[in-house]
Amino acid sequence: MSFAPKRQRARRARGGEAVRVSVQPFTSVEAAIAALDALDRALEKFELAVDDSLQDYLGVQMAQITDRALARGWEPLSFVQKNGFRLYRYESMR
């Protein structure tokens with residue numbers, strides 16, 4: 001599951017053809033946390049796009065977002081650096 005459309009990225013459909021998917025990265029900690037709070041706790045996996053402006057050198061802003069995800073039962077798996085944002089992947093700890 002990804003949040004909000006805007007930036008384009010390619011995905012492969014079952015037939016192998018590329019499909020464009022739009023992604024709008026979060027630009028505030030509060031908005032990312034609100035989105036995490038709105039998710040169903042039964043969700044097994046999801047992706048969260050976070051703007052590069054939230055990547056401070058100490059990692060404080062991402063720590064706040066990750067702390068909320070952990071408190072809700074999801075752990076970070078990985079991230080992929082995109083043009084202007086990171087796409088974080090989370091998975092249920094249960």
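Residue numbers start at 1 and run along the sequence shown. As a basis for the values below, the full set of heavy atoms in this structure was taken, side chains included, without hydrogen atoms, waters or symmetry mates.
R41 places a side-chain heavy atom less than 4.5 Å from the side chain of R72. Using a 4.5 Å heavy-atom cutoff, the side chains of L43 and Y90 are not in contact. Residues L54 and V29 are in side-chain contact: their nearest non-hydrogen atoms beyond the backbone lie under 4.5 Å apart. Within the 4.5 Å cutoff, side-chain heavy atoms of T66 are placed close to those of P76.
To the nearest 0.5 Å, the span separating CH2 on W74 from CD on E91 amounts to 12.5 Å. In this structure, OG in S78 is found 8.5 Å from CD in E47, a value given to the nearest 0.5 Å. Considering CZ of F85 and CD of Q55, their distance stands at 11.5 Å, rounded to 0.5 Å. The line from OG of S28 to CG of D51 is 10.0 Å long, rounded to the nearest 0.5 Å.
Residue pairs that meet the salt bridge (Lys or Arg N to Asp or Glu O under 4.0 Å) test with at least one member in residues 59-68, sequence neighbours left out, are D37-R68. Here salt bridge (Lys or Arg N to Asp or Glu O under 4.0 Å) pairs that include residues 21-33, with residues two or more places apart or in two chains, number zero.
Residue V80 shares its hydrophobic cluster (ILVMFWY side chains chained together at separations under 4.5 Å) with no other residue.
Residues L77 and L70 are members of separate hydrophobic clusters, defined by side-chain heavy-atom contacts under 4.5 angstrom among Ile, Leu, Val, Met, Phe, Trp and Tyr.
Take E75 and apply the salt bridge (Lys or Arg N to Asp or Glu O under 4.0 Å) test, not counting sequence neighbours, and it matches no residue. Listed by chain and number, the residues in a side chain to side chain donor-acceptor pair (under 3.5 Å) with Q81 are D52, R86 (sequence neighbours excluded).
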Worked verdict on F46 versus L36 for side chain to side chain contact (heavy atoms under 4.5 Å, CB included): CA-CA 10 Å; F46 66 93; L36 289 171; 3.5 Å; yes
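Shortest non-hydrogen contact noted between F26 and A35 is CZ-CB, 3.4 Å.
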Contacts table for residues 56-65: side-chain donor-acceptor under 3.5 angstrom, sequence neighbours left out:
residue: D56; atom: OD1; partner: V60; partner atom: N; Å: 3.4
residue: D56; atom: OD1; partner: Q61; partner atom: N; Å: 3.0
residue: D56; atom: OD1; partner: Q61; partner atom: NE2; Å: 3.3
residue: D56; atom: OD2; partner: L58; partner atom: N; Å: 3.2
residue: D56; atom: OD2; partner: G59; partner atom: N; Å: 2.8
residue: D56; atom: OD2; partner: V60; partner atom: N; Å: 3.0

